[in-house]
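Working notes, structure below.
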Amino acid sequence: QAQLVESGGGSVQAGGSLILSCALSGYPYQGSYRAWARQAPGKEREVVAAIAYRGSPKYIMDSVKDRFTVSQNDTGHSMFLQMTSLKPDDTAMYYCASRTIGGLYEWRKVEAYNFWGQGTQVTVSS
């Protein structure tokens with residue numbers, strides 16, 4: 001059964017840190033790219049970071065590039081999002097995603113990914 005399972009979310013104060021994990025198994029594991037996206041209440045989902053199956057290249061959204069780092073383990077079965085200096089604006093549901101489809105790849109586009117996890121909530125208080 002194809003699965004992406006996120007973990008590591010929680011509630012932190014501004015300035016704090018969290019590390020999100022995504023366990024990939026089944027068909028999504030074979031995806032060419034995997035990504036982290038987030039969706040705040042009332043806002044559209046946005047892709048925060050992406051990483052190729054082989055670990056490179058990596059992409060990160062400009063507004064978080066100095067604070068967030070995307071990585072994965074050697075097997076590619078786990079992906080991580082290390083988040084530091086968290087701000088209240090980072091509050092959102094965070095999702096991991098995998099791309100197994102072909103065609104032109106635009107890492108920032110939500111529709112570039114065809115498998116999604118259920119999400120893990122990150123809440124940052126001021």
* Are more than 12 heavy atoms from other residues, nucleotides or ligands located less than 6.0 Å from atom CD of Q121? -> yes

* Mark yes or no for whether R54, through its side chain, and P57, through its backbone, hold a donor-acceptor pair below 3.5 Å. => no

* V47 side chain reached by M61 side chain, heavy atoms, under 4.5 Å -> no

* To do: Evaluate side-chain contact (heavy atoms from CB on, under 4.5 Å) for L20 paired with S7, printing each intermediate quantity in order.
  => CA-CA 6 Å; L20 305 184; S7 62; over 6 Å; no

* Asked: Is T120 reaching over with its side chain to a backbone N or O of E6, donor-acceptor style, under 3.5 angstrom?
  -> no

* pair L24-M79: side-chain heavy atoms closer than 4.5 Å -> yes

* Please examine the side chains of V70 and F80, heavy atoms only from C-beta on, and report whether any two atoms are closer than 4.5 Å. => no

* Structure fact -> Separation between OG (S17) and CE (M83), nearest 0.5 Å, reads 9.0 Å

* If only atom types and distance count, is the side chain of Q72 paired as donor or acceptor with the main-chain N or O of Y53 below 3.5 Å? -> yes

* Structure fact -> Looking only at heavy atoms, the pair that brings L81 and A49 closest together is CD1-CB, 4.3 Å

* Structure fact -> What one should report as the nearest heavy-atom pair of H77 and N73 is N-OD1, 3.2 Å

* State, yes or no, whether a side-chain contact exists between I51 and R34 at a heavy-atom distance under 4.5 Å. => yes

* Asked: To the nearest 0.5 Å, what is the distance between CD (Q118) and CD (Q3)?
  -> 9.5 Å

* **Student check: side-chain heavy atoms of S125 and V12 closer than 4.5 Å** => no

* To do: Enter the distance from R108:CZ to D62:CG here, rounded to the nearest 0.5 Å.
  => 6.5 Å

* Assess whether atom NZ of K58 is packed by more than 12 heavy atoms of other residues, nucleotides or ligands within 6.0 Å. => yes

* Could you check whether the rings of Y105 and Y33 sit parallel, tilted or perpendicular, using 30° and 60° as the cut-offs? => parallel

* Does some side-chain heavy atom of C96 sit less than 4.5 Å from a side-chain heavy atom of W36? -> yes

* Parallel, tilted or perpendicular for Y95 and W116, by the 30°/60° rule? -> perpendicular

* **Note, T100 side chain near Y113 side chain (heavy atom, < 4.5 Å)** => no

* To do: Please check if the side chain of R67 supplies one atom and the backbone of S85 the other of a donor-acceptor pair under 3.5 Å.
  => yes

* Asked: If every non-hydrogen atom of P88 is compared with every non-hydrogen atom of A14, which pair is closest and at what distance?
  -> CD-CB, 4.1 Å

* Structure fact -> In terms of heavy-atom contacts, E111 and I101 come closest through O-CD1, 4.3 Å

* **For N114 against R99, the heavy-atom pair lying closest together** => OD1-CA, 3.4 Å

* Check whether more than 12 heavy atoms from other residues, nucleotides or ligands sit under 6.0 Å from atom CD of Q13, and answer yes or no. => no

* **Side-chain H-bond candidate by donor/acceptor type, Y94 with R38, under 3.5 Å** => yes

* Nearest heavy atoms of L18 and V122, plus distance in Å -> CD1-CG1, 3.9 Å

